[in-house]
Amino acid sequence: MRVIITGVAGFIGSHLAQELLAEGEVEIIGIDNLSSGLESNLELLRELDTENKFIFHNIDIRDLDAMKKAVGDLKVDRVFHLAALVSVQESIDNPLKSGSINIGGTQNVLELARYAGAKRIMFSSSAAVYGDEPTLPKNEESIIRPISPYGMEKYVGEQYMSMYSQMYGLEAVVFRYFNVYGERQNPTSDYSGVISIFNDRLAKCEGANIYGDGKQYRDFVYVKDVVKANILAMKLDSVEYEVFCVGTGKTTTITQLYEALQKRYNCDKAPTYLEARKGDILESVCDNSKIVNKLGLKEFTPFAEGIYKV
Ligand SMILES: NC(=O)c1ccc[n+]([C@@H]2O[C@H](COP(=O)([O-])OP(=O)(O)OC[C@H]3O[C@@H](n4cnc5c(N)ncnc54)[C@H](O)[C@@H]3O)[C@@H](O)[C@H]2O)c1
């Protein structure tokens, strides 16, 4: 099998490529423009690639011609589309740029999938599509009400996936990730989230800011579980169009997260509680019954275990 991974130099994309290389049965064409991805992730993949199964192309997904040229006449079986402008704040500051990447780039990747004869695409969407609609837990049928260009663009991407599956018979699996965490998350990227920021600070036993009372909670899902979901979807016999929420169904408050890292680093530095930030989504949790029952992702890494791996 041959696959394309866009966003391969990023946090989740590099974990996905790492796992596929370990399985040893898949050739990978990686695409990334290294805007938030890291050269060090590519170096790691090159080290693991003992059988010459990984090729990398430094290309922007806004450039369809360059992507087609890179793929050439190779037949591709599956496409994993993870490349995106991932900063919600940057999408608010520069919606045309994020739209050109997250919508225009996604259209290009769909066209690339068609060009290369792929049977299926796996698209990394986000729980951001739900916005601040308060009903919890979220499932695949929950109301969609994005409150940022990023959330809207991910939803438009999902609709394109659905339309391509109907119009062109390209099978499509959409994953709405909740808060993904794990090794190699870039603490300087503002989408990297609270875990890598706290981890970075508490490893040096410096305190960190908690906005609001710390009781707000998230559904933190370990990166290797997200990778498993992608690989299970890759291996399905057939599918038309499916959406899956990807979370553990369990909640962790921001204060609990802080305390877990205090314990890990044996650091008693207290957090500084600041006024809640406007627009922060306070609570988020996933009803994961569909991904458990329909995709067969039965086990999730417990937070208390995963937090030792970041
Ligand atoms: N990390 C999370 O908690 C989370 C949650 C929901 C959804 N997602 C989605 O998962 C995917 C992967 O996210 P991540 O956390 O690994 O982020 P990341 O920033 O580490 O990875 C994104 C990758 O896309 C690349 N990229 C960006 N713009 C590009 C362009 N124009 N052309 C080519 N490559 C480009 C970046 O260089 C980077 O390597 C993204 O689509 C993101 O929206 C992530």
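This is a predicted model, so every value here is computed, not measured. Counting starts at 1 for both ligands and their atoms, following the listed order.
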Going by distance only, is there an N or O of I61 that falls short of 3.5 Å from an N or O of ligand 1? yes

Is there a donor-acceptor pair under 3.5 Å between the side chain of T6 and the backbone N or O of A83? yes

Which pairs of donor and acceptor atoms, one on a side chain in residues 287-295, lie under 3.5 Å apart (sequence neighbours left out)?
residue, atom, partner, partner atom, Å
D287, OD1, S289, N, 3.0
D287, OD1, S289, OG, 2.4
N288, ND2, G247, O, 2.9
N288, ND2, T248, O, 3.1
K290, NZ, E242, OE1, 2.7
K290, NZ, V243, O, 2.8
N293, ND2, S289, O, 3.1
K294, NZ, E242, OE2, 3.0

For atom 21 (O) of ligand 1, state which one of G37, G247, S14, G10 supplies the nearest heavy atom. G10

L42 and L34 have their tightest heavy-atom pair at CD1-CD2, 3.9 Å

Please compare N108, V180, L82, V221 and report which has the shortest non-hydrogen distance to atom 12 (C) of ligand 1. L82

Distance check, rounded to the nearest 0.5 Å: Q89 atom CD versus Y150 atom OH? 14.0 Å

Heavy atom of A9 under 4.0 Å from ligand 1? yes

S40 backbone acceptor or donor facing R184 side chain under 3.5 Å: no

Going by distance only, is there an N or O of Q185 that falls short of 3.5 Å from an N or O of ligand 1? no

Atom indices of ligand 1, in the order listed, that fall short of 4.0 Å to a heavy atom of I59: 32 (N), 33 (C)

L34 neighbourhood, listing ligand 1 atoms whose heavy-atom distance to it stays under 4.0 Å: 37 (O)

Pairs of nitrogen or oxygen atoms closer than 3.5 Å, one from I12 and one from ligand 1: do any exist? yes

Give a yes-or-no answer on whether the side chains of Q107 and Y164 include a donor-acceptor pair shorter than 3.5 Å. no

SG-SG distance C286 to C245 under 2.5 Å: no

Where on I31 is there a heavy atom closer than 4.0 Å to ligand 1, on the side chain, on the backbone, on both, or on neither? neither

Considering only heavy atoms of S124, which atoms of ligand 1 have at least one such atom less than 4.0 Å away? 10 (O), 11 (C), 41 (O)

Relative to the heavy atoms of S125, which atoms of ligand 1 are at a distance of less than 4.0 Å? 6 (C), 7 (C)

Under 3.5 Å, N or O to N or O, is S36 touching ligand 1 that way? yes

S35 N/O to ligand 1 N/O under 3.5 Å: yes

For K69, give me all partners under side-chain contact (heavy atoms from CB on, under 4.5 Å), at least two apart in sequence or on another chain. none

Under 4.5 Å between side-chain heavy atoms, hopping through other hydrophobics if needed: is there a path connecting L74 to V3? no

Below 3.5 Å, N or O to N or O, backbone or side chain included: is there any such pair between D32 and ligand 1? yes

